[in-house]
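What follows is a single structure, written as structure tokens, with notes after it.
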Amino acid sequence: MLIIMDNEPKIFAAWLKKFIKDDKKITAKALAKKINCDPTTISSYIRGRTQPGYNVRKAILEVTKISHEQMMTEGKEILAKPTHNEPEIEKRLSELEKRLSQKEECPRTDITTERHRQVIERFRQKELALKINEELAELEDLDKDKLLSVLDYIQYQKKKIIEESSKKRTSNGEE
């Protein structure tokens, strides 16, 4: 029986990413076809944006011929390993961490810098993610009202992109 634990979604996403993206044992498109879903859904699972339900997770494990226990073991090992970024990105990330740790208001820099690392790791374009994180670190010095206006702008742009993407898919007959 498949029992889902609290941290399993993260473990599953890490395992699936390695299985598809890193080890290239199956493509996201082929997996999606075998379990009868859209490849973008598989992409969302890999990124941890959405989590498959019990039956979908079970189907993925059956298609990949991986037991639940093996997936959990491999996923935990993946998460336990430190992320390995490109040397230049790693250097700039270390500099960002130093800047963050020098701020007096931030007594738990281990948590803050780990959050920055996690955000960067989720991006396919790590260089872009690092630039965004560097800008965000600079924004931390702004007052609350200015930060809220930046947040409003980001949310507005995100909404606009989603709407445009939805219109494009609708016009292509995908929805």
Gap between atom [atom2] of [Y] and atom [atom1] of [X] - 0.5 Å precision:
X: Ile42; Y: Lys33; atom1: CD1; atom2: NZ; result: 14.0 Å
X: Glu77; Y: Ile11; atom1: CD; atom2: CD1; result: 11.0 Å
X: Thr40; Y: Arg49; atom1: OG1; atom2: CZ; result: 10.0 Å
X: Lys144; Y: Leu151; atom1: NZ; atom2: CG; result: 11.5 Å
X: Lys167; Y: Glu164; atom1: NZ; atom2: CD; result: 7.0 Å

So, does [X] use its side chain to make a donor-acceptor pair with the main chain of [Y] at under 3.5 Å?
X: Ser166; Y: Ile162; result: no
X: Ser165; Y: Ile161; result: no
X: Ser43; Y: Pro39; result: no

Heavy-atom closest pair, residues [X] and [Y]:
X: Ile78; Y: Ala14; result: CD1-O, 3.6 Å
X: Ala28; Y: Ile20; result: N-CG2, 3.7 Å
X: Cys37; Y: Thr41; result: SG-CB, 4.2 Å

Test item: [X] and [Y] side chains (from C-beta on) under 4.5 Å apart, heavy atoms:
X: Phe19; Y: Leu31; value: no
X: Glu8; Y: Arg57; value: yes
X: Leu61; Y: Ser67; value: no
X: Phe12; Y: Met71; value: yes
X: Glu74; Y: Lys18; value: no
X: Val63; Y: Ile26; value: yes
X: Trp15; Y: Thr64; value: yes

Inset, instruction - Identify whether Ile154 and Leu147 are in the same connected component of the hydrophobic contact network (ILVMFWY, side-chain heavy atoms under 4.5 Å). - result: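 Yes: a chain of side-chain contacts under 4.5 Å links Ile154 to Leu147.
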Inset, instruction - Assess whether side-chain contact (heavy atoms from CB on, under 4.5 Å) is satisfied between Lys159 and Gln155, documenting all intermediate values. - result: CA-CA 6 Å; Lys159 182 180 176 186; Gln155 290 172 334; over 6 Å; no
Inset, instruction - Return yes when atom CG of Asn36 has more than 12 non-hydrogen atoms of other residues, nucleotides or ligands closer than 6.0 Å, and no otherwise. - result: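 No - once you tally the heavy atoms of other residues, nucleotides and ligands closer than 6.0 Å, there are 12 at most.
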